[in-house]
Amino acid sequence: MTPAPESAGTAPIVPAVVDWFLENQRPLPWRGADPWGVLVSEFMLQQTPVHRVLPVWHDWQERWPTPSALADASVADALRAWGRLGYPRRARRLHEAATAITENHEGVVPDSEEELRALPGVGEYTAAAVMAFAYGRRSIVLDTNVRRVLARAVEGRALPPAHVTTVERTSATALWPTSDDVSALWSASVMELGALVCTARSPECDVCPLQSTCAWVRAGRPALAHVPRRQARFEGSDRQVRGRIMALLRDADSFLTASALAAAWPDAEQRDRALAGLVADGLVVRHGRGSYSLPE
DNA sequence: AAGGCGTGGTC
DNA sequence: TGACCAAGCCT
């Protein structure tokens with residue numbers, strides 16, 4: 001095995017995880033893609049598994065290979081191409097981001113965290129990910145996978161807190177490699193370890209490169225001290241109704257009447273509430289006489 | 001600053 | 001089977 005590049009002051013877990021990554025990483029198509037391809041992948045991967053993103057990402061790369069290409073398309077086309085990826089507000093925000101990049105950044109995905117964070121739909125994680133994976137720069141990439149690995153290996157906890165904390169940022173910054181090259185490689189490596197080995201439900205500690213040093217393993221893999229709050233039920237929720245309405249509108253050639261949308265959900269009150277929410281979110285447009293469509 | 005926001009695979 | 005979980009963001 002080739003020794004991983006190492007810089008002075010680097011935490012010892014870094015070369016172990018990087019070496020593991022160089023042998024075990026998945027050949028994901030957005031690795032080494034241009035910054036726009038990386039940005040699109042990051043939007044799609046927000047709360048959506050890799051295997052569901054893959055076909056949609058390829059489709060988007062072909063249809064809209066640049067920010068200006070997407071900006072020239074309609075929001076409706078973006079929402080239809082988004083399909084069933086979920087959280088369609090991401091598709092709308094990605095379209096808005098493409099417009100902002102075209103108008104304010106000469107069509108080039110910006111290469112500073114501050115400018116990236118100013119784009120709609122780009123938060124702390126996505127900005128850091130684009131810096132690392134598109135531009136090879138040092139940034140503290142704290143996604144759910146990285147946070148879980150660090151919570152276990154460093155803190156000895158079963159899972160990280162519900163939301164990113166200042167303590168996590170400080171702790172991560174202290175151990176993060178200082179050079180751009182090693183930092184970007186480490187970011188991809190620790191994220192992949194969390195995705196493939198140090199998983200939430202059934203971590204494979206037997207094959208983990210951190211097995212001998214992991215604080216959580218050393219402590220006997222203790223369970224979480226406090227049970228996290230459960231995710232809201234989906235069946236019967238407004239989210240389910242919103243999804244049904246969006247599916248009808250994606251499949252429609254043009255406008256749909258309110259009575260046509262009644263097929264989405266039997267309860268009129270809940271249906272109307274969901275529809276009003278979609279309109280407020282800019283995902284649906286109401287035209288005259290109670291007809292609806294996706295936004296142009 | 002918790003909770004809303006889609007969808008589907010997994011166990 | 002139903003509950004958990006998934007490269008978060010926004011308010």
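Applying the side-chain hydrogen bond (donor to acceptor under 3.5 Å, both in side chains) test to every pair with at least one member in residues 273-289 of chain A, sequence neighbours left out, gives these pairs: A:Arg89-A:Asp281, A:Asp238-A:Arg273, A:Arg242-A:Asp281, A:Arg286-A:Tyr292, A:His287-A:Ser293. Residue pairs meeting the ring-ring contact (aromatic ring centres under 6.0 Å, His included) criterion with at least one partner in residues 118-168 of chain A, sequence neighbours excluded, do not occur; the list is empty. Within the structure, every pair that satisfies the side-chain hydrogen bond (donor to acceptor under 3.5 Å, both in side chains) test and touches residues 104-114 of chain A, not counting sequence neighbours, is listed here: A:Ser112-A:Glu115. Annotation: ring-ring contact (aromatic ring centres under 6.0 Å, His included) contacts involving residues 31-59 of chain A, sequence neighbours excluded, comprise A:Trp30-A:Trp57. Among residues at least two apart or in separate chains, side-chain hydrogen bond (donor to acceptor under 3.5 Å, both in side chains) pairs with a member in residues 189-208 of chain A are A:Arg26-A:Glu192, A:Arg31-A:Glu192. Applying the ring-ring contact (aromatic ring centres under 6.0 Å, His included) rule to pairs touching residues 180-205 of chain A yields A:Trp176-A:Trp186, sequence neighbours excluded.
For the segment residues 259-269 of chain A, the set of residues with a heavy atom within less than 4.0 Å of an atom of DNA chain B is empty. Residues from residues 113-130 of chain A with heavy atoms under 4.0 angstrom of DNA chain B: there are none.
A:Arg90 is linked by a salt bridge (Lys or Arg N to Asp or Glu O under 4.0 Å) to nothing, counting only residues two or more places apart in sequence or in another chain. A:Arg80 pairs by the salt bridge (Lys or Arg N to Asp or Glu O under 4.0 Å) definition with nothing, not counting sequence neighbours. Partners of A:Trp265 by ring pair (Phe, Tyr, Trp, His ring centres under 6.0 Å), not counting sequence neighbours: none found.
As judged by a 4.0 angstrom heavy-atom cut-off over every strand, A:Trp57 is placed among residues making no nucleic acid contact. When heavy atoms are screened at a 4.0 angstrom cut-off, A:Leu94 is found touching no nucleic acid atom at all.
Following chains of ILVMFWY side-chain contacts shorter than 4.5 Å, one can reach A:Leu79 starting from A:Leu278, so the two form part of one hydrophobic cluster.
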Protein proximity profile, nucleotides 4-11 of chain B - base contact B, sugar-phosphate-only contact S, no contact -, cut-off 4.0 Å on heavy atoms: BBBBSBB-
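For the pair A:Arg230 CZ and C:dC5 C1', the interatomic distance rounds to 14 Å; values are reported in whole Å. The CG atom of A:Leu45 sits 10 Å away from the C1' atom of C:dA6 (whole-angstrom rounding).
At the phosphate of C:dA6, neither OP1 nor OP2 sits under 4.0 Å from any side-chain N or O atom of A:Arg147.
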